[in-house]
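Take a look at the structure set out below.
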Number of protein chains: 2
Amino acid sequence: MSDLLERLRDRGWRLTAQRRVVAQVLDGDHVHYTADEIHALAVNLLPEISRATVYNTLGELVSLGEVLEVSTDGRAKRYDPNARHAHQHLVCDACGTIRDVHPAGDPLGSLPATERYGFTISGVEVTYRGLCPDCGTA
Amino acid sequence: MSDLLERLRDRGWRLTAQRRVVAQVLDGDHVHYTADEIHALAVNLLPEISRATVYNTLGELVSLGEVLEVSTDGRAKRYDPNARHAHQHLVCDACGTIRDVHPAGDPLGSLPATERYGFTISGVEVTYRGLCPDCGTA
DNA sequence: ATCCAGAATTGGATCTTGTCCAAAACCGAA
DNA sequence: TTCGGTTTTGGACAAGATCCAATTCTGGAT
């Protein structure tokens with residue numbers, strides 16, 4: 001966690017109590033939260049933090065490349081603090097939970113030119129879908 | 001298009017003017033629309049159709065497996081009438097446009113057991129991201 | 001051709017997610 | 001300690017989507 005905060009200070013971030021708390025909540029988990037979940041967790045540590053600040057801070061972390069924004073279906077976006085390591089996601093179709101996975105194989109190469117339709121391709125995402133342990137046994 | 005309508009009638013669907021129009025709008029395109037775009041197109045053909053009906057109909061088509069719901073980032077969901085053929089998506093990060101692609105290679109196999117964390121996996125999605133021809137030259 | 005029960009449609013209210021703004025509070029360099 | 005510029009706040013707002021009771025309509029039965 002201090003890793004992240006140090007990187008941010010080096011980039012000129014002011015270290016406010018609010019930002020520290022958001023960083024602390026995000027730290028190192030492999031199951032990702034929505035902005036409102038992060039807000040709820042942050043409130044436990046700092047009761048007066050506002051929703052807008054959590055959204056602002058998450059947005060800045062995404063811009064800086066420290067956190068990834070992951071969205072599934074019409075649900076709320078989730079924030080993945082594990083932006084530095086290549087990985088894929090496992091999504092529960094019932095409750096929306098997202099987990100990181102680190103598959104062995106290389107994700108397929110890029111698209112053949114005949115399938116690009118003039119697009120400039122910058123990346124590939126691979127998402128596995130299914131039911132998490134909690135929802136699967138219902 | 002009548003293919004789709006016939007399959008639906010076989011499953012006990014009542015064929016209303018509204019449903020016919022939604023099916024007609026969805027028919028066979030490889031660039032996918034949002035619900036509101038579909039509503040706008042439907043209004044051209046049937047001025048009094050309501051937004052709720054378009055949402056209802058799309059939801060039913062998704063439940064029946066005739067249409068896929070595709071969502072990207074915080075944007076509106078898009079509807080992919082091409083549910084019966086395996087394919088992947090090409091998404092424009094600037095304007096949200098989605099196109100189908102039909103890559104040659106098999107999408108990677110399923111996840112190794114050690115990476116499943118108790119999930120029951122039902123599918124894999126592969127999405128290429130980039131800029132479409134219109135947005136890329138800006 | 002007509003009737004009728006149940007299914008579908010309507011449109012407005014409502015919910016959720018997320019963004020925006022001006023005022024107030026705060027951080028940290030000097 | 002002071003001060004300027006950065007952050008935070010919270011309430012208003014916007015977009016996407018869902019819900020609901022009242023109304024309309026479909027299609028099988030007659």
Side-chain angles (χ1 to χ4, degrees), chain A residues 5-6 8-25 32-43 45-64 67-79 95-98, chain B residues 5-6 8-25 32-43 45-64 66-80 95-98:
Chain A
L5 289 178
E6 264 170 43
L8 295 174
R9 191 170 38 210
D10 289 348
R11 302 206 213 177
W13 256 38
R14 288 200 181 171
L15 290 190
T16 65
Q18 290 84 347
R19 286 172 171 182
R20 250 184 278 262
V21 165
V22 170
Q24 188 174 340
V25 168
H32 310 317
Y33 300 116
T34 63
D36 274 336
E37 285 168 354
I38 291 168
H39 178 238
L41 292 166
V43 164
L45 303 172
L46 183 69
E48 299 312 312
I49 193 172
S50 78
R51 231 163 44 91
T53 296
V54 171
Y55 275 96
N56 287 345
T57 305
L58 290 172
E60 288 158 8
L61 288 169
V62 170
S63 302
L64 291 173
V67 165
L68 288 178
E69 210 172 59
V70 186
S71 59
T72 51
D73 299 324
R75 296 171 195 271
K77 293 177 194 165
R78 287 168 185 272
Y79 293 86
C95 70
T97 292
I98 299 180
Chain B
L5 289 177
E6 264 171 43
L8 295 174
R9 191 169 39 209
D10 289 348
R11 301 206 212 178
W13 256 40
R14 288 199 180 172
L15 289 190
T16 65
Q18 290 84 347
R19 286 173 170 180
R20 251 185 278 263
V21 163
V22 170
Q24 189 174 340
V25 167
H32 310 318
Y33 299 116
T34 64
D36 274 336
E37 285 167 354
I38 292 168
H39 177 237
L41 291 166
V43 164
L45 303 173
L46 183 69
E48 298 313 312
I49 193 172
S50 78
R51 233 160 43 90
T53 296
V54 172
Y55 275 97
N56 286 344
T57 305
L58 290 171
E60 287 156 11
L61 288 169
V62 170
S63 302
L64 292 175
E66 293 289 346
V67 164
L68 289 178
E69 208 172 60
V70 187
S71 59
T72 51
D73 301 325
R75 297 169 193 273
K77 294 177 194 165
R78 287 168 184 273
Y79 293 86
D80 179 349
C95 68
T97 292
I98 299 179

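A, B, ... follow the sequence lines: proteins, then strands. Residue 1 opens every chain.
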Could you pull out all residues at least two apart from [X] that satisfy side-chain contact (heavy atoms from CB on, under 4.5 Å)?
X     : result
B:T16 : B:Q18, B:R19
B:A35 : B:Y55, B:L58, B:Y79
B:R75 : B:T72
A:T97 : A:V31, A:C92, A:C95

Task: Toward the 5' end of DNA chain D, by each residue's nearest nucleotide, B:A17 or B:E69 - done: B:E69
Open item on the list: Let me spell it out: for each of B:A35 and B:T16, pick the nucleotide of DNA chain D with the closest heavy atom. Which residue's pick is nearer the 5' end?
Closed with: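 Checking each residue's closest nucleotide, the 5'-ward one belongs to B:A35.
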- [ ] Name the first nucleotide and the last nucleotide along DNA chain C (5' to 3') that come under 4.0 Å of a heavy atom in chain A.
- [x]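 Boundary nucleotides touching chain A, in 5' to 3' order, are C:dT17 to C:dG28.
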TODO: Under 4.0 Å from any heavy atom of chain B: name the first and the last nucleotide of DNA chain D that qualifies, 5' to 3'.
DONE: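 The protein-touched segment is D:dG16 to D:dG27.
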- [ ] Under the side-chain hydrogen bond (donor to acceptor under 3.5 Å, both in side chains) rule, collect the residues that match up with B:T53, sequence neighbours excluded.
- [x]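 side-chain hydrogen bond (donor to acceptor under 3.5 Å, both in side chains) list for B:T53, sorted by chain: B:S50.
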TODO: Would you please name every residue forming a side-chain hydrogen bond (donor to acceptor under 3.5 Å, both in side chains) with A:Y33, sequence neighbours left out?
DONE: A:D29
Task: Results of salt bridge (Lys or Arg N to Asp or Glu O under 4.0 Å) for B:E66 - residues two or more places apart only - done: B:R7, B:R11, B:R84
Open item on the list: I need the minimum non-hydrogen distance between B:L5 and B:A23, along with the two atoms involved.
Closed with: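 So the two residues come closest at CD2-CB, 3.8 Å.
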Task: Distance (rounded to the nearest 0.5 Å) between B:T57 OG1 and B:H39 NE2 - done: 11.0 Å
Open item on the list: Any residue in residues 47-60 of chain A with a heavy atom nearer than 4.0 angstrom to DNA chain D? Just list them by number, or reply none.
Closed with: A:E48, A:I49, A:S50, A:A52, A:T53, A:N56
- [ ] Taking the side chain as every heavy atom from C-beta outward, state whether B:D80 and B:I98 have any pair of such atoms under 4.5 Å apart.
- [x]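 No, every pair of side-chain atoms sits at 4.5 Å or beyond.
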